[in-house]
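Remarks on the structure that follows.
Everything numeric here is computed off the predicted structure, so don't read it as measured data. Heavy-atom basis, side chains included; hydrogens, waters and symmetry copies ignored.
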Amino acid sequence: MTPEEKSYRAVVNRIAICLLVFCALFFAYSNFMGVVMGLAASMSPVAGTVLYEIVYGVLYAATFLLPVLLFRLLSGGRGTAPIATAWRMPRYTLLYIFVSIAIISAAGYLNSMLLEIFEYGEFTDDVLFEADISTNYELVLMFFTTAIVPAFVEELLFRGVVLGNLLPYGRTTAVLASALLFGAMHQNAGQLLYATVAGLVLGYIYVYTKSIWCCVLIHFCNNFLSVLNVGIYERMGSDTAVAVLYLIELIVFLIGILCAVRLMYLERDRKEELLQEGAFLKTVDPDPEHTLIDISFSRRVRLFFSVPMIVFLSLCVAQMLLLLLLSLVMT
């Protein structure tokens, strides 16, 4: 194994160890929330709900932020890529947001269609993601815990740490690997395809913008739409809510298509300008597979599946299979 390959394997192992710690923290946090739920039940409805949601948000954030800090400690400050936190947005940020949401939504629909054979969508709605936000304060709390907190902490871990530290070994490897781990992290077959596609989109945006903030914004908008969907469904009759939600999703999807067409024309115009006028004093993107550390793609793939990484992925797959089994038993 060359020094470069040893360096790459070491980064992969540190990432895997941090993700294993994440699994342990997530398990502990999930069980502790059962205790908090019992405590909240003994309080008034408002106080109990506020307590539960605040504790939920804080512990959820800690579950992601502690592995970020652990990665820094394991790296000892050497060879660690800094998280790109410069406030940098693409010129056409709004176009990227709509295109990203359209792609992620399409993946979500495909994911749900594939899982209909297990009646898994009904299981996740009734058991895993049951929500009651019939009051305004509950909607605000869910907005905080489901849209704001995950958008920030999940991007810090999976784009800032995972993708950022794999990036010197190749853009393709970094984006694909971080998306795979992001999808597996959800430990739910009902979100696997959806979350993996979201990871690919967000990974591309992170590489393109060289900043985490556009990823956070897209992640927030996607989660905000989920909260909005739940809020609409809770406050309208089921038939009206379904019609309104389909209309919103159709509008967002059509706008996403129009934005994608616009971006393609902008990219075509940019390339034509470079061909006609040359690249002097113009920024030219490097080759997409440009690497700072030269390791072949096939070798990177083989080295990625180290023992700690296989253990992490196995735990995630086992959890997905367990939930699928539960769905078959309970439906």
Side-chain angles (χ1 to χ4, degrees), residues 64 83-114 143 146-164 166-167 171-186 188 190-230 245-268 270 285 288:
F64 285 85
I83 298 174
T85 56
W87 187 257
R88 184 183 294 117
M89 292 284 185
R91 182 178 178 184
Y92 302 101
T93 296
L94 193 59
L95 300 183
Y96 282 100
I97 290 174
F98 277 108
V99 173
S100 300
I101 298 301
I103 294 173
I104 295 170
S105 297
Y109 272 108
L110 177 59
N111 203 152
S112 62
M113 290 170 59
L114 292 174
F143 173 77
T146 305
I148 296 178
V149 172
F152 181 68
V153 299
E154 291 181 16
E155 290 310 304
L156 278 179
L157 179 57
F158 284 93
R159 254 57 65 185
V161 171
V162 176
L163 190 152
L166 292 175
L167 205 52
R171 290 182 177 183
T172 302
T173 304
V175 172
L176 290 176
S178 62
L180 170 66
L181 297 176
F182 185 65
M185 173 274 293
H186 289 78
N188 176 11
Q191 293 178 288
L192 179 60
L193 176 61
Y194 167 80
T196 302
V197 171
L200 290 171
V201 172
L202 293 166
Y204 169 80
I205 294 296
Y206 185 79
V207 171
Y208 177 77
T209 63
K210 302 178 179 64
S211 174
I212 200 169
W213 296 114
C214 193
C215 299
V216 171
L217 183 57
I218 292 171
H219 199 143
F220 164 78
C221 291
N222 182 70
N223 289 6
F224 173 74
L225 284 177
S226 298
V227 176
L228 181 64
N229 288 352
V230 176
L245 292 177
Y246 273 126
L247 179 61
I248 292 174
E249 290 170 355
L250 178 61
I251 291 172
V252 171
F253 190 72
L254 291 176
I255 293 175
I257 293 176
L258 293 175
C259 291
V261 172
R262 174 61 175 159
L263 287 173
M264 286 190 291
Y265 273 105
L266 290 171
E267 181 66 16
R268 185 200 64 181
R270 187 185 71 87
D285 294 332

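Residue pairs satisfying the salt bridge (charged side-chain N to carboxylate O under 4.0 Å, His left out) criterion with at least one member in residues 100-109, sequence neighbours excluded, are absent.
Judged purely by atom type and a 3.5 angstrom limit, T146 has no side-chain atom pairing as donor or acceptor with the backbone of F143.
Remark: E249 CD to Y109 OH distance equals 3.0 Å, nearest 0.5 Å. Atom-to-atom distance recorded for L163:CG and F158:CZ is 11.5 Å, nearest 0.5 angstrom. Taking CG from L192 and CG from L180, the interatomic distance works out to 8.0 Å, rounded to the nearest 0.5 Å. Here the straight-line distance linking atom CG of L181 with atom CG of L166 works out to 8.0 Å at 0.5 Å rounding. To the nearest 0.5 Å, the span separating SG on C215 from CD on E154 amounts to 12.5 Å. Expressed to the nearest 0.5 Å, how far CG of N223 lies from CD1 of I104 amounts to 9.0 Å.
Closest non-hydrogen pair, G160 versus Y206, comes out as CA-OH, 4.0 Å. Nearest heavy-atom pair across G183 and A195 is CA-CB, 3.8 Å.
The neighbour count for F220 CZ, taken as heavy atoms of other residues, nucleotides or ligands under 6.0 Å away, is above 12.
Partner C259 forms a side chain to side chain contact (heavy atoms under 4.5 Å, CB included) with one of I257, I255, V261 and no other, that one being I255.
For the pair R159/I205, no side-chain contact is recorded, criterion being any heavy-atom separation below 4.5 Å from C-beta on. The shortest side-chain heavy-atom distance between L200 and Y204 does not fall under the 4.5 Å cut-off. Using a 4.5 Å heavy-atom threshold, the side chains of W213 and F152 count as touching.
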Stepwise, does the side-chain contact (heavy atoms from CB on, under 4.5 Å) test hold for L263 with Y92? CA-CA 8 Å; L263 287 173; Y92 302 101; 4.3 Å; yes

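Remark: the N188 side chain and the Y194 side chain contain no N/O donor-acceptor pair separated by less than 3.5 Å.
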Could you go through residues 94-102 and list every donor-acceptor pair under 3.5 Å that involves a side-chain atom there, pairing it with any protein atom two or more places apart or in another chain?
| unit_1 | atom_1 | unit_2 | atom_2 | d |
| --- | --- | --- | --- | --- |
| Y96 | OH | Y208 | OH | 3.4 |
| S100 | OG | Y96 | O | 2.7 |

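Using cut-offs of 30° and 60° for the angle between ring planes, the F182 and H186 rings count as perpendicular.
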